[in-house]
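Please read the structure below before turning to the comments.
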Amino acid sequence: MPDATGLELIGQELGSAVLDTVFFRDRAKLVIEPDAIRPVLAHLRERGYTFMASLHGVDYYPQEPRLGVIYELLDMGRVDRISVKLRVPTEAPEVDSALPDRPGDPGWRTAVHQEREVYDMFGVRFRGHPDLRRILMPEDYEGHPLRRDFPQGGEPVLFTYNEPKRPRAPA
């Protein structure tokens, strides 16, 4: 992983796209403007971070901008890791997709299902995603279950494999 000085140098290379650099517990993190995600990811790919290990969402309720997307990138040659974090407001949670958008663009193919999961669980829309639909919840499901204001509890799950053996209430 880049040390604190190396992280600051990467931040300077990216210019105004970087809002903050955080080096804490030997972890390097860039906090960026949401609109700069594609150029930032492209720059980090050129620096050797060619593997996207994960892309996940987070809810910072009650703060605003409330929803976050975190990208974990690896440089397999140097065994380095860097995180890229952005935050989007709840009213219009949109960010550009990390997927390739034109021939010759390497993009990040590992983001296909990870972006769909963040969309499904948090409601963040990824502009340019070719198949942005629910992946874990039914298509007609209302809400996003990993948001912190989502009601706890829910409906009881009915399983039909043991329906004939279930005790029945007296009529």
Side-chain angles (χ1 to χ4, degrees), residues 1-2 7-22 27-76 80-151:
M1 109 170 60
L7 181 62
E8 289 297 322
L9 291 173
I10 292 172
Q12 287 178 0
E13 291 171 4
L14 293 167
S16 63
V18 176
L19 300 174
D20 194 12
T21 58
V22 179
R27 298 290 309 263
K29 180 176 17 177
L30 292 170
V31 182
I32 66 163
E33 290 284 351
D35 293 337
I37 188 60
R38 291 197 55 97
V40 167
L41 291 177
H43 180 78
L44 291 173
R45 181 186 287 279
E46 291 171 8
R47 288 189 59 94
Y49 295 95
T50 57
F51 179 68
M52 183 180 289
S54 76
L55 181 162
H56 50 275
V58 66
D59 186 351
Y60 294 101
Y61 179 82
Q63 299 174 17
E64 194 63 46
R66 179 175 153 187
L67 301 173
V69 181
I70 300 174
Y71 303 79
E72 298 284 341
L73 304 178
L74 295 175
D75 179 337
M76 302 297 277
D80 279 350
R81 177 185 302 265
I82 193 167
S83 300
V84 178
K85 173 182 160 184
L86 60 87
R87 289 175 73 168
V88 292
T90 312
E91 305 85 52
E94 273 196 343
V95 65
D96 288 332
S97 175
L99 295 172
D101 62 349
R102 62 187 181 284
D105 177 13
W108 304 86
R109 296 190 192 286
T110 57
V112 171
H113 293 300
Q114 295 177 55
E115 287 181 352
R116 284 179 62 190
E117 183 177 358
V118 171
Y119 165 69
D120 193 3
M121 297 288 112
F122 293 94
V124 177
R125 299 192 63 80
F126 291 89
R127 287 184 295 261
H129 192 289
D131 188 21
L132 193 61
R133 59 188 163 98
R134 292 205 180 256
I135 191 170
L136 299 171
M137 304 303 292
E139 282 294 325
D140 60 348
Y141 193 83
E142 293 182 21
H144 304 284
L146 290 184
R147 286 192 180 183
R148 291 189 175 213
D149 60 353
F150 192 79

Keeping Asp59 on the side-chain end and Arg148 on the backbone end, is there a donor-acceptor pair under 3.5 Å?
yes
Less than 4.5 Å apart, side chain to side chain, heavy atoms only: is that true for Arg134 and His144?
yes
Shortest non-hydrogen separation from Ala36 to Ala17 and the atoms involved
CB-CB, 3.5 Å
So how far is it from Ile32 CD1 to Ile37 CD1, rounded to the nearest 0.5 Å?
3.5 Å
Please confirm whether the backbone N or O of Arg133 pairs with a side-chain atom of Arg116, one donor and one acceptor, at under 3.5 Å?
yes
Heavy-atom donor-acceptor pair, Asp120 side chain to Leu136 backbone, under 3.5 Å
yes
His129 (side chain) donor-acceptor with Val112 (main chain) under 3.5 angstrom
yes
Judged by atom type as modelled, is there a donor-acceptor pair below 3.5 Å linking the side chain of Arg87 to the main-chain atoms of Pro65?
yes
Do His56 and Met121 have side-chain heavy atoms sitting under 4.5 Å apart?
no
Nearest 0.5 Å, what's the NZ-CD distance between Lys29 and Glu72?
9.0 Å
Is the shortest side-chain heavy-atom distance between Val58 and Leu67 below 4.5 Å?
no
Distance in Å, Leu99 CG paired with Thr110 OG1, rounded so as to fall on 0.5 Å steps
8.5 Å
If I compare all heavy atoms of Gly11 with all of Val18, which pair ends up nearest, and what's the gap?
O-CG2, 3.8 Å
Are the side chain of Arg38 and the backbone N or O of Asp96 linked by a donor-acceptor pair below 3.5 Å?
no
Closest non-hydrogen atom pair between Ala111 and Ala98, with its separation
CB-CB, 4.1 Å
Can you tell if the side chain of Trp108 reaches within under 4.5 Å of the side chain of Leu73, non-hydrogen atoms only?
yes
Any donor-acceptor N/O pair, Arg147 side chain to Phe122 backbone, under 3.5 Å
yes
Student check: side-chain heavy atoms of Tyr61 and Thr90 closer than 4.5 Å:
no
Donor-acceptor under 3.5 Å (Arg125 side chain, Tyr119 main chain)
no
Could you measure the distance from the CD atom of Gln114 to the CZ atom of Arg109? Nearest 0.5 Å is fine.
14.5 Å
Side chain to side chain, Val40 and His43, heavy atoms closer than 4.5 Å
no
Side chains of Leu44 and Ile10: closer than 4.5 Å at any heavy-atom pair?
yes
For Ala53 and Arg81 the tightest heavy-atom approach is CB-NH1, 4.5 Å
dist Arg127:CZ -> Glu115:CD (nearest 0.5 Å) comes out at 11.5 Å
Taking Leu55's backbone N and O only, do any of them form a donor-acceptor pair with Glu117's side chain (distance below 3.5 Å, no angle check)?
no
Using salt bridge (charged side-chain N to carboxylate O under 4.0 Å, His left out), reason through Asp80 and Arg47 one step at a time and then give a plain yes or no.
CA-CA 11 Å; Asp80 279 350; Arg47 288 189 59 94; over 6 Å; no
